[in-house]
Amino acid sequence: MTDADALADLRTGADYQFGAGAGRALFPPDEPLTLRRSSGGRPRQVIVGDVDDTPGSSEGDRLVSYGTDGRFTLGVAGGRRVREAFDPPRHRVVVGEESEPFVREGRNAFAKFVTAADDEIRPGDEVLVVDESDALFAVGRAELAGAEAEAFASGVAVKVRNGVGDGEAVDAG
């Protein structure tokens, strides 16, 4: 399977997981992307640009990793694209300013700091952690449904996989 064929299949998978239009937003057909594969040839990561495709290379910004379960895990670059493709509150968990520095460093987002969340979020979904102005702080996996994340006063709402780093919040845009 060529990279072009694999990316077409990955676009379909992204549309299924995130909603119509996500595949083109994450993997635009006219943009150079690098597909990193496992030793068996299965797609593992999609990286922005034409960079070294050696697994483990630090070149390029990771859009997504593709798990053996057929689901994507977002990188910060992929989170930016999902945020641009879908209007709030879709795929978002909004946290208060008191948790911002911790979440940006990659620490988990706790339910007591969640001020709003997409009601369609289910546990296990890939989500964006943002502030009230929709600035991206992190990407991760929802541990609670959207309504639960808003209602609960304790517990992890989002297991953060990647924070944007200190001072690098992606402004709403």
Side-chain angles (χ1 to χ4, degrees), residues 10-28 31 33 45-48 58 60-173:
L10 293 174
R11 280 186 201 98
T12 301
D15 285 346
Y16 177 77
Q17 182 174 339
F18 296 106
R24 288 186 68 79
L26 282 168
F27 319 121
E31 181 179 358
L33 300 170
Q45 292 184 330
V46 181
I47 310 295
V48 176
S58 62
D61 291 326
R62 181 177 68 89
L63 290 170
V64 298
S65 293
Y66 186 62
T68 56
D69 62 357
R71 292 178 53 100
F72 294 101
T73 58
L74 291 170
V76 172
R80 290 181 182 120
R81 291 182 182 201
V82 168
R83 186 183 60 104
E84 291 168 8
F86 295 99
D87 293 331
R90 191 92 183 270
H91 303 296
R92 291 162 173 83
V93 174
V94 180
V95 296
E97 63 184 41
E98 60 275 359
S99 66
E100 173 191 343
F102 304 104
V103 173
R104 287 202 296 180
E105 290 174 6
R107 297 201 177 129
N108 294 334
F110 288 89
K112 71 189 237 175
F113 300 112
V114 172
T115 59
D118 179 0
D119 287 337
E120 300 295 315
I121 292 173
R122 298 169 299 176
D125 284 353
E126 284 294 302
V127 297
L128 315 175
V129 182
V130 299
D131 69 3
E132 293 289 338
S133 67
D134 204 33
L136 181 65
F137 294 150
V139 293
R141 183 184 70 233
E143 296 294 308
L144 299 171
E148 293 171 338
E150 287 183 68
F152 286 10
S154 65
V156 175
V158 179
K159 182 167 181 359
V160 170
R161 185 172 297 101
N162 297 108
V164 298
D166 189 34
E168 297 177 30
V170 179
D171 291 329

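Residue numbers run from 1 in the order of the sequence given.
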Closest approach of [X] and [Y], non-hydrogen atoms and distance?
X: P123; Y: E143; result: CB-O, 3.8 Å
X: I47; Y: R62; result: CD1-CA, 3.7 Å
X: R81; Y: P28; result: NH1-CD, 3.3 Å
X: L144; Y: A111; result: CD1-CB, 4.0 Å
X: A14; Y: A22; result: O-CB, 3.6 Å
X: P89; Y: D118; result: O-CB, 3.0 Å

Taking C-beta and beyond as the side chain, do [X] and [Y] meet within less than 4.5 Å on heavy atoms?
X: V156; Y: F110; result: yes
X: V76; Y: D61; result: no
X: E150; Y: D119; result: yes
X: R92; Y: R90; result: yes
X: V46; Y: L26; result: no
X: V160; Y: F137; result: no
X: V114; Y: F152; result: no
X: V127; Y: H91; result: no

Would the distance check show the side chain of [X] and the main-chain N or O of [Y] forming a donor-acceptor pair, the cut-off being under 3.5 Å?
X: R71; Y: Q17; value: no
X: N162; Y: G75; value: no
X: R83; Y: V130; value: no

With a sphere of 6.0 Å drawn around [atom1] of [X], does it hold more than 12 non-hydrogen atoms of other residues, nucleotides or ligands?
X: F86; atom1: CZ; value: yes
X: E97; atom1: CD; value: no
X: F18; atom1: CZ; value: yes

Rounded to the nearest 0.5 Å, what separation is found between the [atom1] atom of [X] and the [atom2] atom of [Y]?
X: L63; Y: R80; atom1: CG; atom2: CZ; value: 10.0 Å
X: F113; Y: N108; atom1: CZ; atom2: CG; value: 12.5 Å
X: S99; Y: R104; atom1: OG; atom2: CZ; value: 11.0 Å

Open item on the list: I'd like to know if E126 pairs up with R161 as an ion pair, taking the criterion as any Lys NZ or Arg NE/NH1/NH2 lying under 4.0 Å from an Asp or Glu carboxylate oxygen.
Closed with: yes
- [ ] Would you check, one step at a time, whether the test side chain to side chain contact (heavy atoms under 4.5 Å, CB included) holds for V48 with E31?
- [x] CA-CA 8 Å; V48 176; E31 181 179 358; 3.6 Å; yes
TODO: Starting from the C-alpha separation in whole Å, work towards a yes-or-no answer on side chain to side chain contact (heavy atoms under 4.5 Å, CB included) for L10 and F72.
DONE: CA-CA 9 Å; L10 293 174; F72 294 101; 3.9 Å; yes
